[in-house]
Amino acid sequence: MTGSPSARDIWRPGFHLLPPAGWVNDPNGLCQFEGTYHVFCQCSPDWPALDATRGWGHLTSRDLVTWEWQGMALMPDTADDATGAYSGSAFVGDDGLLHLVYTGNVKLPGKHDYITSGRLANQIEVTSADGEHLSSKRVVLRNADYPSWCSCHVRDPKVWRQAGTLHMLLGARGLDSEGAALVYRSDDDGATWELEEEVRPGTPGAFGYMWECPDRVSLDGHEYLAFCPQGLEHGHLRFQNVYQSGYVPLEDRLLSADAMAEDGVPLRHVDVDDFREWDLGFDFYAPQTFATDDGRTVLIGWAGLPDVPYGNPTGELGWMHCLTVPRELTRGSNGTVCQRPVGELARLRGNEAPLLDDEVTFEHGRFDLEVTGITASSWKVTLAAASNGSVVLACDDGSLTLAFDGTAGDGRDVRRAHVGHVDDLRILCDRSIMEVYLDGGATVMTTRWYPSTSAVRLDVSCGDAETHVWPMADVMSEALAGTR
Ligand code: FRU
């Protein structure tokens, strides 16, 4: 595999999480354990080697700003997770230990479609007293433990504690190719699990064939079911990406079924019309949330998607993808979940950069832009590379577009949203990744882009709005230097 990224790598993010080399996708096992933040993530260190194994990489932080790479925490090294230590989550047990629960993916040899046969989906637990050294692996659920209507696609356990009891959400694909979620419950603090509720689409055929990475979010006493449905029909302003990632605001608790399934298990229906996307940009999927010790709910997503029709040229440099910054979640109007970069990130700001004729150039492609008090109904922010084009965020009477001009988007074209009047915007740009937050994070768009030079020119045309912009520090290069 290629070694650590070189200094010539002008696309390498400086404050977005990623491993030193290789491939990264979903964030896993997010938690704050004994004061330390842990971000595990799906990593293939030997990517792009054929059959590169997929396990859990591990980063830690004391402040959500500076990080340390701890190496690979979990690798597929048993018969129960032979083809991958897939996504999962963390919880602290009554035993005071950190528990990590993940899916051991096993593809059996032979002639299989790997949907209805040939795949084991083992939910596996390991524990740790210090967040670093892990116990041996213990399978807690196997294919035989799932309802008979499930295919072999059952994965991504998200465990949470509610009124003292542990519950586990799993994403699933039915044999009828309907997405679904399963909720298990443990009355012995994770030793054994029992099916408690099934969540299925209200209208058959409308909510995709598979739901990945389910999560349960609770904000101000309101619950949300989050997941990533695959196979939704694309719309003009909705579901513009290959797969979706969002949440359904629940009117009551997740665990209050509205029906009884044929197998006698309480059943809850959710409707695709109630589904809201987390992020309307080109590159966002498989987020996970966790609670901080100071009571915040924080989300981190994968700034990427599988099977996209556009490119990411960093493969030639030996690395692929990164995570989003940590985003604090709050409940906004109409039950919308607002996402804002955690306040700690402001510590990475350098001296405010003056704009001259609305323009400023950032030599290292990293900045934090804040525009408040927008009164104009039409405005535009352009980020231009020296020779391969630009990306333009524009609003015209409530119609928002994030559009590429030239080749810097590597095949990305345009993403649209209807936003009404926009009061404020924030853009965090970290070389090849840009996160856009509008109206206090009520609308968010994340995209990768690949400028031809390290220096990029920012042009802010937002009328008489108040504009501040700061260069942002690179904390990841140092954190990852010399590590593997
Ligand atoms: C989502 C996902 C998960 C799976 C993991 C494998 O991106 O497909 O469902 O556990 O990635 O890396």
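Throughout, numbering of the chain's residues begins at 1 and tracks the sequence. What you are looking at is a predicted structure, and each value in this text was computed from that prediction instead of being measured. Remember, it's 1-based here, ligands and their atoms both numbered in the order they're listed. Computed over heavy atoms, backbone and side chain alike; hydrogens, waters and symmetry mates excluded.
When each atom of ligand 1 is checked for a heavy atom of Y285 under 4.0 Å away, the hits are 1 (C), 7 (O). For ligand 1, the atoms sitting less than 4.0 Å from at least one non-hydrogen atom of D156 are 3 (C), 4 (C), 9 (O), 10 (O), numbered in the order shown with element in parentheses. Each of the atoms 5 (C), 6 (C), 12 (O) of ligand 1 lies under 4.0 Å from some heavy atom of Q42. For ligand 1, the atoms sitting less than 4.0 Å from at least one non-hydrogen atom of S87 are 5 (C), 10 (O), numbered in the order shown with element in parentheses. Atoms of ligand 1 lying under 4.0 Å from at least one heavy atom of R155, given by number and element, are 3 (C), 4 (C), 9 (O), 10 (O).
Between the side chains of Q162 and E223, at least one donor N or O sits under 3.5 Å from an acceptor N or O. Side-chain polar atoms of R415 and N241 form a donor-acceptor pair below 3.5 angstrom. A donor-acceptor pair shorter than 3.5 Å can be found between the side chains of R54 and N25.
Ion pairing of E68 with R62 is absent here, as no side-chain N (NZ or NE/NH1/NH2) approaches a carboxylate O to less than 4.0 Å.
Contact annotation for T103 and ligand 1: no heavy atom of the residue comes within less than 4.0 Å of the ligand.
Considering backbone and side-chain N/O of Y86, none are found under 3.5 Å from N/O of ligand 1. Considering backbone and side-chain atoms alike, D26 places an N or O below 3.5 Å from some N or O of ligand 1.
Looking from atom 8 (O) of ligand 1 to the surrounding protein, the closest heavy atom is E212 OE2, 2.8 Å.
Here D252 pairs with R268 under the salt bridge (charged side-chain N to carboxylate O under 4.0 Å, His left out) rule; sequence neighbours left out.
Side chain of Y146 to main chain of A121: a donor-acceptor pair is present (N/O by atom type, distance under 3.5 Å, no hydrogens or angles).
In summary, the aromatic rings of Y310 and F282 are positioned with their centroids under 6.0 Å apart.
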